[in-house]
Every structure is written in structure tokens, then in C-alpha cells.
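Chain letters run A, B, ... following the sequence lines, proteins first and then strands; every chain starts at 1.
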Amino acid sequence: MNNNNNGEVRVRFAPSPTGFVHIGSLRTALFNYLFAKHSGGKNILRIEDTDQTRKVEGAVENLIRVMGKLGIEFDEGPVQGGDFGPYYQSQRLDFYKKYCDELLAKGSAYYAFETSHELDEMRKLQQLEGRQTMYDRRARDLSEDEVQENLKKGLPYVIRLKVPLNEEIRFNDLIKGTIRIETNIIDDQILLKSDGFPTYHLANVVDDHLMKITHIIRGEEWVTSVPKHIIIYNALGWEVPEMAHVPLILNSDKSKLSKRQGDVAVEDFLQKGYLKETLTNFIAFLGWNPGEGEEQEFFSMEELIKKFTLEKVQSSGAVFNVDKLNWMNNEYIKNYDPDKLTELALPYFSKAGIEISNTERIKKILSLVRVYLNKLEDIPDNISFLERKEIEPDNDNLKEILNSESSKKVFEKLSEKISLLDELNPENYKTAVSEVQKDTGLKGKELFKPIRIALTGSENGPELPLIAEILGKDKVLDLLKRWF
RNA sequence: GGUCCCAUCGACUAGGGGUUAGGUCGUCACUCUUUCACAGUGAAAACACGGGUUCGAAUCCCGUUGGGACCGCCA
């Protein structure tokens, strides 16, 4: 256990700002947040922007916005600052330089002068020979004189880690248990690039140490580089933080979740009208569950914080199942506070061309259709009856029903009854229909089906009396009159 | 290919020496409903395989197979 900092837990979410927020990143961020809050510790945001070629304008702002929207808060970071800043790695170059020099002085790192091109050639050859692609450590034993000479010539260089040979690195992962790797197969990783920026490996070790990070919680794709990091910690005489590598989120074919097979951007899910409660709840359960026979599936952020432990994180990957996401979102939508849901739904009504100034009316419509919604984006498809001016049944079957003699009778009678009313409401609509039933002797499908089709253009949907009320007397009469 | 990780219904998972292997999504059926949906009830559906250890293995160990990740002057 890491005991610096008086035992206070400090974790970090350290994304590189290269664009949208990946579902996998969201889960890593969530787990960090839940773990920090559960332990009464600090959650820190650090921006890993050491790759100058991959910078994306606005990505950091976007990331912070998305996290904020989902209720994932940071105690320290670019926005709120903190005692361990700056929180952009690109502003911490002096630190990396300093410790890189220290590594050099201690003989744990060395200069290398190969160009990218030369390295490419090396790898190609290794591949051709069926060997593992790996730096051949050719610059490892350059003499001091040779190094100085190259430096004097102004040759571009990188600093590489001098991996100790013939050793075994062993560490305990909080999720996966003990992991051991032979150092001989570990690359002499580049620490400092020729542009003077550090690589991830150097920067994350230096920062995690300087920022007093106690637990590193990140994706499983990092496990294989842990030994490199441990070598750096050891060389610098630093304590290694606890590690927890969370399993990957997978496509339905079990490969790492990727854009090729559907949406992976949190922004997209938000935009489609997946609620933030759904997203955090669902994502938390991808690879984690409370265990102990617990069968509750709906958890608020507060409950998640209370229940979350690393021990209950699954060690195998989890397929991202949109069907279940939809189900859960639908459950949240069905049970959401009507006023709040209305507020969230307004933009989707607006997009469908519905006048939204009368929010009470929107609320009423929403109460009719929410049961059908997997996501708010489904609203337009489910309220098409509102703005339908022409009834154009999309198949002959419907047309036939509308044009039958008995239907005409129904429409005519119903119009008569409704035109006598001051205002249409579910009660007097029902009364009117049952009067039609008495007068015509028609009932069941022969009575209800034609009306539904005439009013909505569809064979099914929400309860007719409620739809009738929302449409209003004039609209209903207008729609009926077209058919007799 | 090398290294590392992983393995319970189609999916998410509970269970971690003795269970009729439980729940949720999805699927199917039935009930309710003058429609669809909702709701309710029920069904089909899993311990990858082979060896050990043990009185007893889904559970512990080893191996096999299968899957995945990583192998950049990216993170």
C-alpha cells in the first residue's frame, strides 16, 4: 500500500485530447471517480498532450464538458487547478527533462541517434525474419566519446530506457493479481523524443509520482507496459503506486470496442438522447457489479459510489450490448420526473418541427409516448400523428379498412357526436364512441380500428382517447371528414 | 510470431469445494389490453475441453483449445 500523503487516496484520469470521448475512456474515468469518492480521496484530471502531432483543437474543453454533464467531477485539474499543477503535460516539460537527466546520470537511460527511418528498416527486417519487433539496443553501449561527438555534430537524438537484462519484473494488479514479465523482452523504450517531449512512459511515471497518485486505474491495454514503468520508478528510487487494470469493453465480435462497429463516442450517445443516469449506470455495470447476490440493477451515482470496490471489477472483457442499454434507458425514461424529462425532450420535439412553447402540451404528449422511447431521439417517430395532415395509409390493407362501408358509418356518426361537444377530452370522447357503438351496432375491431387509422395513420399506438384530446376537436373532425 | 491477460446461458453477470447453477437484457409462449407497447406469468438457454487434488470440482492445480491486448520518436 502506498502510504505517502497520509493514506489519502489520489487517483487520476489521464486522457490524451485527441477528439471525442470514447466509451472506454468514460468507464475508466467513472471507475476512477467512483473509487476516489468511495475512499474519500481525490480525483484528478491530467491532460496527456505530449504528442504534438495529435493535438485536436477544443478536445479538452469537450472532454471536460462531457464529464461534467455525466456528473464525473474532478478535485484537481486544468479547470480547478490544485497544488500539483500544471495539469497539462505539455506545460511540465522541465520536470521530464530533469528526471530524464537523472536517469541518464544514473546510467538507467542512454542517448540513441537512429532516425525514424532507420528504425522502420530494422522492424521490417525483424518482421521478415519472423522475430519480435523490438529495438535492438544498438546504441546502448555507445561510448561516452561517441555520444559527445554525435551531440556536438548536432545529430538529433532520443533518450532511451536502459532496461536491466535477465531479470523478472513482478507486480500485483488489484484486478488481475500477480503478473510477471522477463525484462529481456522489454523494449528499451524511448523516454524523451527528439522534439524534446517525453513519451507517455516517462511522463506518466514522473507525473504520477509528483502528483502523489496512490492508485493507477486504467485500461487493460496498459498492462504490458507496466514493467517499463516499474523500471523507471525503481531507477529513480520512487515508490510504485497500486495498479488496477480494468478489462476492455468489446464489440459484439469480442474485439476492442472501436468506431468501425458502431458508436463509441459518449457525445453521440448523449446526442441521441441516452440519459446521463443511464450512461453512468450502464457503463458502471460493464465489468463491475456489486456481487454478493445483489440483484438490484438501477443505481444512482451516489449508490454507485457507496457500493463500488475494485475487488468486484471483472477480470474479463465485457461486450457492449446496445439492446440492454436501450432497455435501461427506456426504464429511466419511463420513470423520470415528467417535468425534467420534458425539459430534456424539448429539443427533440423542436427538431421534429413541433411548436414547443406550450410545455404543458409537450408534457402531455410525452406522457403518452415515453413508454415507446429507447432514447429521446425516437420521439419524432412516435409523434408523427400530431402533425399528420394527410392520412396516407402506407398499405392497401389500411386503405381498405378506411374505405369500407361500416367504417364510413362510424366516421359519420362519430363526427356528428363530436361536433356537438364544446371541447374534446378523454371522457367525452369515450362517451361519444360508445354512443356510436350503440347507434351502429358495430364494435370491437370494426369500431376502433378505423378510427385509430383515420386519426393516426397507423394501426397501433397510444390510447386513442388521449390522442384525441391532444389533437383537439377541430383536428379530429377534419381527419374524420376526409373518409365519408 | 513473441509476451501478457482472459474463459458460467446469444449478451451482462451471481455463485468460488456439496446449489434443482440464481438474476437481468434479448428470444419464445401465455395472461391483461377493443391496437401496439407497458405490466404480469412461464419456457428454452451456460459452467470450453482433458487431466489431476478431493469422499465430492463450475469452484483449487496443470495442460490443451479458444478469445483478446500489447509489441511506435501514439497515448
Review point. For atom P, what is the distance between B:A75 and B:G18, given to the nearest Å?
Key: 49 Å
Exercise for review: For nucleotides B:C9 and B:A14, find the distance between their C1' atoms and express it as a whole number of Å.
Suggested key: 13 Å
Review point. Considering every strand shown, what is the Watson-Crick or G-U wobble mate of B:C55 when both distances are under 3.5 Å?
Key: B:G18
Review point. What integer number of Å spans the P atoms of B:G26 and B:A21?
Key: 26 Å
**Study point:** A:Phe31 ring center within less than 6.0 Å of A:Phe13 ring center
**Key:** no
Study note, to complete from the structure: Rounded to whole Å, NZ of A:Lys55 lies from P of B:C74 at a distance of 14 Å
Check your understanding: Thinking salt bridges, do A:Asp187 and A:Lys228 make one under a 4.0 Å N-O criterion?
Key -> no
Review point. Considering heavy-atom distances to RNA chain B, does A:Glu331 or A:Tyr200 have its closest nucleotide positioned more toward the 5' end?
Key: A:Glu331
Point to revise | Aromatic centroids of A:Tyr274 and A:Tyr332 separated by under 6.0 Å | key: no
Check your understanding: Do any N or O atoms from the side chain of A:Asn330 and from the backbone of A:Val371 form a donor-acceptor pair under 3.5 angstrom?
Key -> yes
Revision key, fill the gap. A:Asp49 atom CG is separated from B:C73 atom P, nearest whole Å, by 19 Å
Check your understanding: Could you give the CG-to-P distance, from A:Leu257 to B:G67, as a whole number of Å?
Key -> 20 Å
Review point. Is A:Thr199 touching bases, backbone alone, or none of the nucleic acid, heavy atoms closer than 4.0 Å?
Key: sugar-phosphate
Check your understanding: For A:Lys228 and B:G72, is the shortest distance between a side-chain N/O and OP1 or OP2 below 4.0 Å?
Key -> no
Practice item. Have a look at A:Thr50 and say if it touches a base, only the backbone sugar-phosphate, or nothing, with a 4.0 Å heavy-atom cut-off. Key: sugar-phosphate
**Study point:** Over 12 foreign heavy atoms within 6.0 Å of NZ, A:Lys417
**Key:** yes
Check your understanding: When you match A:Glu114 and A:Asn289 each to their closest nucleotide on RNA chain B, which lands nearer the 5' end?
Key -> A:Asn289
Dump every N/O contact between nucleotides 1-8 of chain B and the protein below 3.5 Å, one line per pair.
unit_1: B:C5; atom_1: O2'; unit_2: A:Lys176; atom_2: NZ; d: 2.9

Point to revise | Touch class at under 4.0 angstrom, heavy-atom based, for A:Lys312 against every strand present | key: sugar-phosphate
Review point. In whole Å, what separates the C1' atom of B:U3 from that of B:A58?
Key: 29 Å
Check your understanding: Using 4.0 Å as the upper bound for N to carboxylate O, is an ion pair formed by A:Arg54 and A:Asp51?
Key -> yes
Point to revise | Aromatic ring proximity A:Phe299/A:Phe285, centre distance under 6.0 Å | key: yes
Review point. Across the strands shown, which category fits A:Pro156 at heavy-atom distances under 4.0 angstrom: base, sugar-phosphate, nothing?
Key: nothing
Review point. Is the NZ or CZ atom of A:Arg160 both under 6.0 Å from the centre of the six-membered ring of A:Tyr135 and within 45° of that ring's axis?
Key: yes
Anything under 3.5 Å between a protein N or O and an N or O of nucleotides 20-30 of chain B, put it in a table, one pair a line.
unit_1: B:G23; atom_1: O4'; unit_2: A:Glu295; atom_2: OE2; d: 3.2
unit_1: B:U24; atom_1: O4'; unit_2: A:Glu297; atom_2: OE2; d: 3.1
unit_1: B:U24; atom_1: O2'; unit_2: A:Glu297; atom_2: OE2; d: 2.4
unit_1: B:U24; atom_1: O2; unit_2: A:Lys324; atom_2: NZ; d: 2.7
unit_1: B:C25; atom_1: O2'; unit_2: A:Lys324; atom_2: N; d: 3.4

Point to revise | Any pair counted as ring pair (Phe, Tyr, Trp, His ring centres under 6.0 Å), so long as it reaches residues 162-200 of chain A, sequence neighbours left out | key: A:Tyr200-A:Trp222, A:Tyr200-A:His229
Practice item. Measure the distance from CG on A:Leu202 to C1' on B:G72 and round it to the nearest whole Å. Key: 16 Å
Exercise for review: Quote, to the nearest angstrom, the P distance that separates B:U54 from B:G1.
Suggested key: 37 Å
**Study point:** C1' gap between B:U53 and B:G10, integer Å
**Key:** 34 Å
**Study point:** Rounded interatomic separation in angstrom, taking CG from A:Asp187 and P from B:C73
**Key:** 8 Å
Check your understanding: So, is A:Lys334 close to the B:A39 phosphate, meaning a side-chain N or O under 4.0 Å from OP1 or OP2?
Key -> yes
Review point. Heavy atoms under 4.0 Å, any strand shown: does A:Gly287 hit a base, just sugar-phosphate, or nothing?
Key: sugar-phosphate
Review point. Do A:Tyr372 and B:C38 share a donor-acceptor pair, side chain to base, under 3.5 Å?
Key: no
Practice item. Let me know the distance between OH of A:Tyr96 and P of B:C73, rounded to the nearest Å. Key: 19 Å
**Study point:** Span that lies between the P atom of B:A11 and that of B:C71, in whole angstrom
**Key:** 28 Å
Practice item. Assign A:Lys449 to base, sugar-phosphate, or nothing according to its heavy-atom contacts below 4.0 angstrom with the strands shown. Key: nothing
Check your understanding: Separation of A:Asp253 atom CG from B:G10 atom P, in whole Å?
Key -> 17 Å
Practice item. Select base, sugar-phosphate, or nothing to describe what A:Val319 touches, counting heavy atoms under 4.0 Å on all strands. Key: sugar-phosphate
Point to revise | Euclidean distance for P, B:G16 against B:C28 (whole angstrom) | key: 34 Å
Review point. Counting side-chain heavy atoms from CB outward, which of B:C73, B:C38, B:A75 is closest to A:Asp51?
Key: B:A75
Check your understanding: Under a 4.0 Å N-O cut-off, is there an ion pair linking A:Asp263 with A:Lys272?
Key -> yes
Check your understanding: What is the distance, rounded to the nearest whole Å, between atom CG of A:Leu119 and atom C1' of B:C71?
Key -> 14 Å
Point to revise | Out of B:C70, B:C36, B:A11, whichever nucleotide has its closest atom nearest the side chain of A:Lys254 | key: B:A11
